[in-house]
Amino acid sequence: MAAHRCGLSLVCILIFSTPAPAPARDQFQEELVIRPLHSGDIYASFQFRTLWDTDFLQERQKKVSHYRLFPKSLGQVLSKFSVRELHISFTQGFWRTMQWGQPFIPSPPGAELWVWFHHTVSDVDGNWKELTNVLSGIFCASLNFIDMTNTVQPSASFKPLGLGNATDHRFLRYATLPREIVCTENLTPWKKLLPCGSKAGLAVLMKSEKLFHSSFHSQAVHIRPICQDEQCTSKAWELRQTLNVVFDHYTSGQGKKEWSLFKMFSRTLTEACPLASSSKVYVDITDNPELSPATHLLSRAVVLGDRRTYSVYDLTRAETFGQLRSFNLLLRWKGDNMLRPLLHAERYVAGFGLQTGEIHTVIYNNHPYRAFPVLLMDSVPWYLQLYVHTLTVTSKSRDNKPSYIHYQPAKDRHRPHLLEMLIQLPPHSMTEVTVQFERALLKWTEYTPDPNHGFYVGSSVVSALVPSMVAMSTNFTQDQPLFSSFVPVKEESSYFVRVYTEPLLVNLPTPDFSMPYNVICLTCTVVAVGYGSFYNLLTRTFQVDEPSPPLAKRLANFIRRIRGVPLLA
């Protein structure tokens, strides 16, 4: 190990003659949270955290060549492109907030990528272009289709989630591919980033056949610098891999809802990852379900403004698996009470025809007596030409003037529209944001292979500090669950929420692509019939043929030829 760190140099000889250095403090934790939803579905959230104990402030000045638990492919990406933070997600399906509540880590349909670069980067656009191509190869995705026509620089919506409070949005890039399809070829490289792969630990449950046969599936990778203690005396890189799945497992048997690990994943757990310092399964028992096998370990946490109780199964303990060395869970519940999410948003397109239209974004504040501001970010492709003077914001049938507006107009075939607004939501209200647009006519080479299907517009992003019904914990502890520690809580009275709306499917004026085929057929017919006949008349040679004699004369000449008599003229 020492020889690998220092390479072939004279220092290696000295290291072999001295005591071994202290082991690296890299850590790996894995966690599975299972929450029965009141709609009858099951929400399973996997979270894997890898801490890379390295001085990231000095990493750019020296080349890091030793990787223990942190994947080398991502470490080289951080070093080469001077990445400060990286967040990427691949989602199939749409998260139904009104039916399922708020997810632990939200993500929009399709692919989403946003990156903070180091302040020393001179060519951010160049690094961004190269980074998307590299990530496209790592995750077997279509991220190479990200270019400046679908990339924006939000000014306030996406702040760093790790160390540092960067305010210069010139080093931030954000892009989405709402039409990206997620499948097995994206999941396989994602699992290979885990220290144990899919051979041991919680990743054994990730069977592609089951994961993709679900109502919602989302996998993400988040990389950021964090503090390892409350005083921030030591720092590290955090790689957090998340996978969220919603299974439709409603069973109408005697009015009960039930599920098991084997029913969800067709597998059971046999061991924890040997490299994991913590491996736990959390089951939400706030609504008093029947859980088998039972456990005496309980955990209480305030998650997204709601106090929840979890049963905890520690996979590092041998007694968790029993004598059969297999761990399976069975849960039955009847609860149907569900608290409405305090913040919810949706979006749709109105209008008729293929010339103009109107985008409606509706934001709901379901808090009974508290008003709070939200930050709305909308990125619209350049071929939808917005009329900003038609922008209206109404709450309770009254105009609601935004306190902050940032608008960057689009450039045809160069960059999209970017609109950010800070809106105050009255208590128990519905706020509607509308803006009109005109559809542009594309070049015939810019249409997709299926142009009549329509063109996708990415989701709107709503960010807010939502007032909490219960006091949030601001204490920093290493033992707190991963699902409650991704976004740091700075105030006891509120918590951060990010909500994504539905993507839009807009039809554009589309030419009749069958006409070229008709023109080709007509042209070929004219050439074959018209020009072919004319060319034949010009090049043919005409000769006069003498008429043949009658049959009697030919017969007489034949006889005369035999007798040697001169032929008849």
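Throughout, residue positions are numbered sequentially from 1 according to the sequence presented.
Between the side chains of Ser107 and Thr91, at least one donor N or O sits under 3.5 Å from an acceptor N or O. Side-chain contact of Tyr369 with His428: a donor-acceptor pair under 3.5 Å is absent, judged by distance alone. Looking only at atom types and distance, the side chain of Ser155 has a donor-acceptor partner in the side chain of Glu420 under 3.5 Å away. Side-chain contact check for Ser460 and Arg347: at least one donor-acceptor pair (N or O, by modelled atom type) lies under 3.5 Å. Donor-acceptor pairing under 3.5 Å is lacking for the side chains of Asn244 and Ser218. A donor and an acceptor atom, one from each side chain of Trp128 and Thr151, are located under 3.5 Å apart. A donor-acceptor pair shorter than 3.5 Å cannot be found between the side chains of Tyr348 and Glu502. Remark: the Glu446 side chain and the Tyr383 side chain contain no N/O donor-acceptor pair separated by less than 3.5 Å. Using modelled atom types, one finds a donor on one side chain and an acceptor on the other under 3.5 Å when comparing His453 with Tyr456. Gln355 and Arg439 are not linked by any side-chain donor-acceptor pair at a separation below 3.5 angstrom, with hydrogens and angles left out of the test. Remark: the Gln408 side chain and the His406 side chain contain no N/O donor-acceptor pair separated by less than 3.5 Å.
The closest donor-acceptor contact from the side chain of Ser136 to the backbone of Ala141 lies under 3.5 Å. A distance-only check finds no donor-acceptor pair linking the side chain of Glu432 to the backbone of Val362 [under 3.5 Å]. A side-chain donor-acceptor contact under 3.5 Å links Thr286 to the backbone of Thr309. Distance alone, capped at 3.5 Å, places no donor-acceptor pair between the Asn144 side chain and the Lys129 backbone. Not a single donor-acceptor pair under 3.5 Å links the side chain of Ser157 to the backbone N or O of Pro154. Side-chain N or O atoms of Gln424 include none that pairs as donor or acceptor with a backbone N or O of Pro402 at under 3.5 Å. A donor-acceptor distance shorter than 3.5 angstrom exists from the side chain of Tyr495 to the backbone of Leu304, with no hydrogens or angles considered.
Aromatic ring orientation, Phe216 versus Trp95: perpendicular (interplanar angle above 60°, classes split at 30° and 60°). Trp114 and His87 have parallel rings, their planes meeting at less than 30° on a 0 to 90° scale where 60° marks the start of perpendicular. Classification of the His389-Tyr387 ring pair by plane angle, with boundaries at 30° and 60°, yields tilted.
For Lys443, the NZ atom counts as loosely surrounded, since its 6.0 Å shell holds 12 or fewer non-hydrogen atoms of other residues, nucleotides or ligands. Heavy-atom neighbours of Phe145 CZ from other residues, nucleotides or ligands within 6.0 Å: at or below the threshold of 12. Atom CZ of Arg170 has 12 or fewer neighbouring heavy atoms from other residues, nucleotides or ligands inside a 6.0 Å radius.
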Steps toward ring-ring contact (aromatic ring centres under 6.0 Å, His included) verdict (Phe212, His217) = CA-CA 7 Å; Phe212 292 104; His217 172 272; 4.7 Å; yes
May I have the step-by-step check of ring-ring contact (aromatic ring centres under 6.0 Å, His included) for His118 and Phe81, ending in yes or no?
-> CA-CA 9 Å; His118 201 270; Phe81 300 106; over 10 Å; no
Check the pair Val433 / Met421 against side-chain contact (heavy atoms from CB on, under 4.5 Å), numbers first and verdict last.
-> CA-CA 10 Å; Val433 181; Met421 295 185 295; 3.5 Å; yes
Going through the distances and angles, do Tyr282 and Phe483 end up as a ring-ring contact (aromatic ring centres under 6.0 Å, His included)?
-> CA-CA 10 Å; Tyr282 292 84; Phe483 62 86; 5.4 Å; yes
Yes or no on side-chain contact (heavy atoms from CB on, under 4.5 Å) for Val83 and Leu131, after CA distance, side-chain angles and deciding distance?
-> CA-CA 9 Å; Val83 173; Leu131 176 63; 4.2 Å; yes
So Asn150 and Leu177, side-chain contact (heavy atoms from CB on, under 4.5 Å) or not? Walk me through it.
-> CA-CA 8 Å; Asn150 50 21; Leu177 295 175; 3.8 Å; yes
Would you check, one step at a time, whether the test salt bridge (Lys or Arg N to Asp or Glu O under 4.0 Å) holds for Arg179 with Asp450?
-> CA-CA 13 Å; Arg179 200 177 180 179; Asp450 52 347; 2.6 Å; yes
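Salt bridge annotation for Glu238-Arg224: present, with a cationic side-chain nitrogen under 4.0 angstrom from a carboxylate oxygen.
Within the 4.5 Å cutoff, side-chain heavy atoms of Pro511 are placed close to those of Tyr447. Contact check for Gln47 versus Arg240: side-chain heavy atoms found under the 4.5 Å cut-off. Within the 4.5 Å cutoff, side-chain heavy atoms of Leu243 are placed close to those of Trp190. Two residues are said to be in side-chain contact when any heavy atoms from C-beta on lie closer than 4.5 Å; Thr434 and Ile359 fail this criterion. Looking only at side-chain heavy atoms (C-beta outward), Leu113 and Leu135 come within less than 4.5 Å of each other. Using a 4.5 Å heavy-atom threshold, the side chains of Leu343 and Leu425 count as touching. Residues Leu202 and Phe46 form a side-chain contact, since some pair of their non-hydrogen atoms from C-beta on lies under 4.5 Å apart. Between Val152 and Arg173, every side-chain heavy-atom pair lies at or beyond the 4.5 Å cut-off.
In this structure, CD1 in Ile34 is found 4.5 Å from CG in Leu32, a value given to the nearest 0.5 Å. Residue Lys263 holds its NZ atom at 9.0 Å from CD1 of Ile42, rounded to the nearest 0.5 Å. To the nearest 0.5 Å, atom CZ of residue Phe496 and atom CZ of residue Phe486 are 10.0 Å apart. In this structure, CZ on Phe247 lies 10.5 Å from CH2 on Trp259, to the nearest 0.5 angstrom. Note that CG of Asn452 is 11.0 Å distant from CG of Leu508, once rounded to the nearest 0.5 Å. Note: Arg398 CZ to Ser429 OG = 12.0 Å, rounded to the nearest 0.5 Å.
Residues Gln92 and Val182 come closest through the heavy atom pair OE1-N, 3.2 Å.
A side chain to side chain contact (heavy atoms under 4.5 Å, CB included) with Val380 is found for one member of Leu418, Leu386, Val506 and no other, namely Leu386.
In this structure, Arg35 is positioned above the aromatic face of Phe104, its NZ or CZ under 6.0 Å from the six-membered ring centre and within 45° of the axis.
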